[in-house]
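Just below is one structure, and these are the notes that go with it.
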Amino acid sequence: MTIAANRRVLSGMRPTGQLHLGHYHGVLKNWVQLQHEYECFFFVADWHALTTSYDDTAIIGQTVYDIVVDWLSVGINPGEATLFVQSRVPEHAELHLLLSMITPISWLERVPSYKDQQEKLRERDLSTYGFLGYPLLQAADILIYKGGHVPVGEDQVAHIEMAREVARRFNHLYGREPGFEDKAEAAAKKMGRKNAKLYFEIRRTYQEGGDLEALAKGRALLEAQQNISLGDRERLLGYLEGGGKVILPEPQALLTPESKMPGLDGEKMSKSYHNTIGLREAPESVTQKLRTMPTDPARVRRSDPGDPQKCPVWRFHEIYSSDDTRQWAREGCTTAGIGCLDCKQPVIDAVLREQQPIRERSVEFLNDPDTVRAIIDEGCEAARDVARDTLDDVRQAMSLVYR
Ligand code: TRP
Ligand code: SF4
């Protein structure tokens, strides 16, 4: 990965309906944290929704809007992160097309989600070109921002790996710009005489002996340079490593720990399991859902003792309750000292408490659609500026600049 890009984070989410607490605990809380530490780009992957739901496109627009409201409501701050919509940055599509020329079909066919999803979504015909190309579109999404880190779940790691391979192949094919060596040497001089000398020494040490410490030193040296352009930095990095210019840096998966958020039935919270609590669902409805959620089936009567390990409510206590409350619940359950509704009350309170600020902020945004639209417009513009720059580099490298 190039140094210039390694403080950048990019991630996307498919618009699949309103978000729930599983998304919050699994993804969004992490994004909120990342926005303070990295330059973040978060986007709604609406074209990706088309790869599986091409026959039901009418609802995508509303969903896109809802997702952005959800993001804003949980505290993703447009002052810190760039929020945008994939289809509003058509450069993704151009890069996807160009990358498709160099991507072997076998790379796409062997991505595990290709066969898995086809099996899982049997009712849909997924033998389409777009569905096969899905991971390559995702690679374009990432590479166009020279995204260093990509926060994703385990299920997406293979896609990031493919993006790395595509970047590597691209750099290998097109990184050898005409006069690369001369350009790299000229770039080195721009670091000043002392640094240039050091750079050449380090490069010789690395290339003659494969000394990894020297490589690390060289990278650090380049990282510390304030006065060289991104292009020159990438040239110098490529020249140091012995390849060509790194045009599309290889991204890295930033593995998001699997969410422990259970659904109402104790399974993973997921829309397809119908066991969700909406991020900004009305309190009455949340209360009702939690009050009626299943418990240890052994507790038929109030006087039957139960086993928290066999109860989905306990999983909620594990996330939401203090040690004291957990102690109280376990004790009360195993001795039949409390009823299940008693046991659920602290969970209900905690979930409502967690949702309250989210719900309040969402009301503000829902009452002010102009602001939401403006945030989206600005994010799309900012994203486009970056995407256009990358695409200029890409066209240049591929010798596609003629008019
Ligand atoms: N494929 C991702 C998912 O289904 C969404 C996505 C699309 C994405 N493009 C991306 C995630 C780029 C990270 C980076 O969850
Ligand atoms: Fe579950 Fe609590 Fe009822 Fe025990 S008392 S079965 S942990 S809800």
Side-chain angles (χ1 to χ4, degrees), residues 8-16 19 23 26-27 30-31 34 40-53 67 84-87 89 92 95-96 111 113-114 116-117 131 133-145 147-164 251-256 262 264 266 290-318 321 325-348 383:
R8 201 173 266 172
V9 154
L10 172 119
S11 200
M13 205 184 263
R14 292 156 62 109
T16 52
L19 301 185
H23 295 113
V27 182
N30 187 37
W31 285 12
L34 287 169
C40 288
F41 289 80
F42 297 129
F43 72 99
V44 187
D46 57 338
W47 279 337
H48 284 274
L50 291 179
T51 62
T52 51
S53 306
I67 280 206
F84 67 100
V85 179
Q86 183 184 32
S87 63
V89 187
H92 289 222
L95 184 60
H96 176 217
V111 172
S113 61
Y114 178 58
D116 290 356
Q117 289 291 98
F131 184 69
Y134 176 123
L136 189 62
L137 180 57
Q138 183 166 354
D141 296 336
I142 298 166
L143 299 178
I144 203 152
Y145 298 100
H149 298 281
V150 189
V152 286
E154 186 70 46
D155 62 319
Q156 297 285 314
V157 171
H159 295 174
I160 310 304
E161 192 48 47
M162 208 203 73
R164 292 165 62 86
Q252 253 167 15
L254 201 62
L255 196 61
T256 313
L264 291 162
L290 287 165
R291 285 174 72 94
T292 52
M293 77 181 273
T295 61
D296 177 0
R299 290 205 78 181
V300 182
R301 272 160 309 209
R302 165 76 169 70
S303 54
D304 297 328
D307 176 358
Q309 292 309 324
K310 296 185 179 141
C311 177
V313 179
W314 181 250
R315 308 272 316 275
F316 279 75
H317 275 298
E318 287 181 324
S321 298
T325 306
R326 273 204 290 264
Q327 177 66 23
W328 164 83
R330 179 180 305 126
E331 171 94 23
C333 178
T334 51
T335 62
I338 58 171
C340 288
L341 279 179
D342 304 324
C343 181
K344 286 171 171 180
Q345 196 55 48
V347 167
I348 296 174

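Every value quoted in this text rests on a predicted model; they were computed, and no experiment measured them. Both ligands and their constituent atoms are indexed starting at 1 by order of listing.
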Any atoms of ligand 1 less than 4.0 Å from a non-hydrogen atom of [X]? List them with their elements.
X    : result
S11  : 13 (C)
I142 : 12 (C), 14 (C)
R14  : 3 (C), 4 (O)

Please evaluate residues F41 and I144 with respect to the criterion side chain to side chain contact (heavy atoms under 4.5 Å, CB included), reporting the C-alpha separation (whole Å), side-chain torsions for both, the decisive distance (0.1 Å), and the verdict.
CA-CA 11 Å; F41 289 80; I144 203 152; over 6 Å; no
Anything under 30° is parallel, anything over 60° is perpendicular, the rest tilted; go ahead and classify Y134 against H48.
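Because their plane-to-plane angle is over 60°, the rings of Y134 and H48 count as perpendicular.
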Protein residue, atom and distance nearest to [atom], heavy-atom basis:
atom                    : answer
atom 3 (C) of ligand 1  : Q156 NE2, 3.4 Å
atom 5 (C) of ligand 1  : G12 O, 3.6 Å
atom 1 (N) of ligand 1  : Y134 OH, 2.6 Å
atom 12 (C) of ligand 1 : Q138 CG, 3.6 Å
atom 9 (N) of ligand 1  : D141 OD2, 2.7 Å

Flag, side chain of [X] to backbone of [Y], donor-acceptor distance under 3.5 Å:
X    : Y    : value
R330 : D307 : no
N30  : V27  : no
R299 : P305 : no

For E318, look at atom CD and say whether over 12 heavy atoms of other residues, nucleotides or ligands are found less than 6.0 Å away.
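Yes, the 6.0 Å shell around CD holds more than 12 heavy atoms from other groups.
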For R302, does the CZ atom have more than 12 heavy-atom neighbours from other residues, nucleotides or ligands under 6.0 Å away?
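Correct, the count exceeds 12.
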Side chain, backbone, both or neither: which part of V150 comes within less than 4.0 Å of ligand 1 when only heavy atoms are counted?
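V150 to ligand 1: side-chain contact only, backbone stays beyond 4.0 Å.
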Just let me know how Q86 lines up against ligand 1, side chain, backbone, both or neither, with a heavy-atom cut-off below 4.0 Å.
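No part of Q86 is near ligand 1 at this cut-off.
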Could you report the tightest heavy-atom contact between P135 and H159, atom names first, then the distance?
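In terms of heavy atoms, the two residues are closest at CB-CD2, 4.2 Å.
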Does any part of the side chain of L137, heavy atoms only, come nearer than 4.5 Å to the side chain of Q86, both counted from C-beta?
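Yes - at least one pair of side-chain heavy atoms lies under 4.5 Å apart.
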V313 side chain near K344 side chain, heavy-atom distance below 4.5 Å
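Side-chain contact under 4.5 Å: yes.
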For atom 4 (Fe) of ligand 2, how many protein N, O or S atoms lie at less than 2.8 Å?
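Every protein N, O or S atom under 2.8 Å from atom 4 (Fe) of ligand 2 counted, the figure is 1.
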For I338 and W328, run side chain to side chain contact (heavy atoms under 4.5 Å, CB included): C-alpha distance rounded to whole Å, both residues' side-chain angles, the deciding distance at 0.1 Å, then the answer.
CA-CA 9 Å; I338 58 171; W328 164 83; 3.9 Å; yes
